[in-house]
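All figures in this text were calculated on a predicted structure; none of them were measured in a lab.
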Amino acid sequence: MGRGVFLVTGAGRGIGAATARMAAEAGYRLVLAGRDASSLAPLAARLGGPDRVWVSSCDVRSFDQVAALVDRVEEEWGSLDVVFANAGTSVVTSFTTTAGAPPAEWSDMVLTNVCGPAFTARAAMPALMRHSGHLVLTGSAAGRGVRPGNLYAATKWAVTGLAQAIRAECVGTGVRVTLVQPGLTDTGGIPASRADDPKLAPEDVARAVMYAVGQPPTVDVNEILVRPVGQDAHR
C-alpha cells in the first residue's frame with residue numbers, strides 16, 4: 001500500500017475527488033484543497049477521520065494561500081510526498097464573435113489554469129525536494145492541438161510547457177513530474193453541444209494519476225495522454 005501525504009487541489013469534484021478516493025484506498029493521508037472547504041467535508045468524512053484526511057480552503061490563484069497550506073501540511077504531518085495540481089476551470093470563448101463568456105470573465109480561467117499550477121509547484125517544490133516527492137499536473141488533450149477560438153486550450157498548452165520546464169529544473173533533485181492530459185471527461189460542466197460525445201469518467205483519469213504515482217522511485221512517467229474511445233483527436 002502507498003504511504004505518505006497526498007495533496008489534491010480542486011478536490012471537490014470530478015478528477016480531483018476521484019483521485020482522492022483512490023489515494024485513500026492506497027493508504028495515503030490526504031489533504032483536500034478547494035476554494036470552498038465546506039464542500040469538501042462530505043468527501044473527507046467518507047475517506048477517513050481527521051488523522052487521515054483534512055480539508056483546507058485554498059485559492060490557487062493566490063501564491064500566499066498555497067504556500068501557507070504547504071507549510072502547514074509539512075509542519076503538522078512531517079512530510080509531503082505527492083502534490084496533484086489539479087484545480088482548473090473552463091469557459092467558452094471566441095475571438096471573432098460575442099459567443100461564450102465575455103472577456104471580463106476570462107481572467108479567472110487564465111489565473112486558475114496557468115498561475116494556479118505554477119504557484120502550486122513553486123510553493124510545494126521545497127517540500128517535495130526534501131522528501132523526493134512527486135508533482136502531478138492536470139493538463140488536457142486540448143493542450144496538444146489547435147482549438148479555434150478556445151482560450152481554455154491555450155491555458156492547457158501553457159500547462160504542457162510548464163510541466164516540461166519544471167521537470168527540466170528538477171533534474172538531480174529526486175522529484176518526479178508527471179503531466180496527465182485527459183480527453184473529454186465527464187466532470188459535470190460539459191457544454192450541451194458536446195454532451196453526446198464519448199467521455200471519460202473521472203475515475204479513468206484518476207487511475208492514470210495513480211499509475212504514475214505508483215511507479216518505483218527510479219521511474220518518472222513524464223506524460224500520460226488518455227482519451228475516451230471514439231473521441232476525435234482534433235477536438
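In this structure, Arg13 contributes its side chain and Thr187 its backbone to a donor-acceptor pair below 3.5 Å. No donor-acceptor pair closer than 3.5 Å links the side chain of Ser140 to the backbone N or O of Gln181. The backbone N or O of Leu184 sits less than 3.5 Å from a side-chain atom of Gln231, completing a donor-acceptor pair. Between the side chain of Asp186 and the backbone N or O of Leu200, no donor-acceptor pair lies under 3.5 Å. The closest donor-acceptor contact from the side chain of Trp157 to the backbone of Tyr152 lies at 3.5 Å or more, if one exists at all. Remark: the backbone N or O of Gly88 is not paired with any side-chain donor or acceptor of Asn113 at under 3.5 angstrom. Using a distance-only test at 3.5 Å, with no hydrogens or angles considered, a donor-acceptor pair links the side chain of Ser39 to the main chain of Asp36. The closest donor-acceptor contact from the side chain of Ser57 to the backbone of Arg35 lies under 3.5 Å. For the pair Thr173 (side chain) and Val175 (backbone), a donor-acceptor distance under 3.5 Å is present. The main-chain N or O of Ala87 is found under 3.5 Å from a side-chain atom of Thr9 such that the two form a donor-acceptor pair.
With a 4.5 Å cut-off on side-chain heavy atoms, Val159 and Thr138 do not count as touching. Residues Asp81 and His134 have side chains not in contact (no heavy-atom distance under 4.5 Å, counting atoms from C-beta outward). At least one side-chain heavy atom of Val31 sits less than 4.5 Å from a side-chain heavy atom of Val5. Residues Arg176 and Leu128 have side chains not in contact (no heavy-atom distance under 4.5 Å, counting atoms from C-beta outward). Val60 is listed as a side-chain neighbour of Thr112, based on a closest heavy-atom distance under 4.5 Å. Between Val73 and Trp54, the closest side-chain pair of non-hydrogen atoms falls below 4.5 Å. With contacts defined as side-chain heavy-atom distances shorter than 4.5 Å, the pair Ile166/Met125 qualifies. Counting only heavy atoms from C-beta outward, the side chains of Val229 and Pro198 never approach each other to under 4.5 Å.
Shown here for Leu162 and Ala118, the closest heavy-atom pair between the two residues is CD2-N, 3.7 Å. Listed here is the closest heavy atom pair of Ala44 and Val55: CB-CG1, 3.6 Å. When all heavy atoms are compared, the tightest approach of Pro126 to Arg122 is CD-O, 3.5 Å. Here the shortest heavy-atom pairing between Ala141 and Leu225 reads CB-CD1, 3.8 Å. Minimum interatomic distance between Ala20 and Leu43 (heavy atoms only, all atoms of both residues): CB-CD2, 4.4 Å. Between Leu30 and Ala24, the shortest heavy-atom contact is CD1-CB, 3.6 Å.
Hydrophobic cluster membership differs between Val136 and Ile224, with clusters built from Ile, Leu, Val, Met, Phe, Trp and Tyr side chains linked at under 4.5 angstrom. In this structure, Leu32 is not a member of the same hydrophobic cluster as Leu69, with clusters built from ILVMFWY side-chain heavy atoms closer than 4.5 Å. In terms of hydrophobic clustering, with Ile, Leu, Val, Met, Phe, Trp and Tyr side chains grouped at heavy-atom distances under 4.5 Å, Met22 and Tyr28 are assigned to a common cluster. Linking Ile, Leu, Val, Met, Phe, Trp and Tyr residues whenever their side-chain heavy atoms come within less than 4.5 Å places Val226 and Ile15 in a single cluster. Placement of Val205 and Phe6 within a single hydrophobic cluster is found when ILVMFWY residues are connected by side-chain heavy-atom separations under 4.5 Å, directly or transitively.
A salt bridge links Glu223 with Arg144: at least one charged nitrogen is closer than 4.0 Å to a carboxylate oxygen.
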Given side chain to side chain contact (heavy atoms under 4.5 Å, CB included), test Phe84 with Val180 step by step and report yes or no.
CA-CA 10 Å; Phe84 185 22; Val180 177; 5.6 Å; no
Going through the distances and angles, do Leu151 and Val110 end up as a side chain to side chain contact (heavy atoms under 4.5 Å, CB included)?
CA-CA 8 Å; Leu151 181 58; Val110 174; 4.0 Å; yes
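At most 12 heavy atoms of other shown residues, nucleotides or ligands fall within 6.0 angstrom of atom CD in Glu75. The number of heavy atoms from other shown groups lying within 6.0 Å of CZ (Arg72) is above 12.
Between Thr185 atom OG1 and Lys199 atom NZ the span is 10.5 Å, to the nearest 0.5 Å. If you take OG1 on Thr120 and CD on Gln65, they are separated by 11.0 Å, rounding to the nearest 0.5 Å. In this structure, Arg167 CZ and Leu137 CG are separated by 9.0 Å, a value rounded to the nearest 0.5 Å. Taking OG of Ser90 as the start and CG of Asn150 as the end, the distance is 7.0 Å to the nearest 0.5 Å. Taking CG from Leu80 and CZ from Arg130, the interatomic distance works out to 9.5 Å, rounded to the nearest 0.5 Å. With rounding to the nearest 0.5 Å, the separation of CE in Met109 from OG1 in Thr155 is 5.5 Å.
For the 3.5 Å distance criterion, the side chains of Ser62 and Asp64 fail to qualify, holding no donor opposite an acceptor.
Sorted by first and then second residue, the ring-ring contact (aromatic ring centres under 6.0 Å, His included) pairs involving residues 89-112 (not counting sequence neighbours) are Phe95-Trp106.
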List the atom pairs, with distances to 0.1 Å, where a side-chain N or O of residues 207-221 and a protein N or O form a donor-acceptor pair under 3.5 Å, not counting sequence neighbours.
residue: Arg207; atom: NH2; partner: Asp204; partner atom: OD1; Å: 2.4
residue: Gln215; atom: NE2; partner: Tyr211; partner atom: O; Å: 3.0
residue: Asp220; atom: OD1; partner: Val177; partner atom: N; Å: 3.3

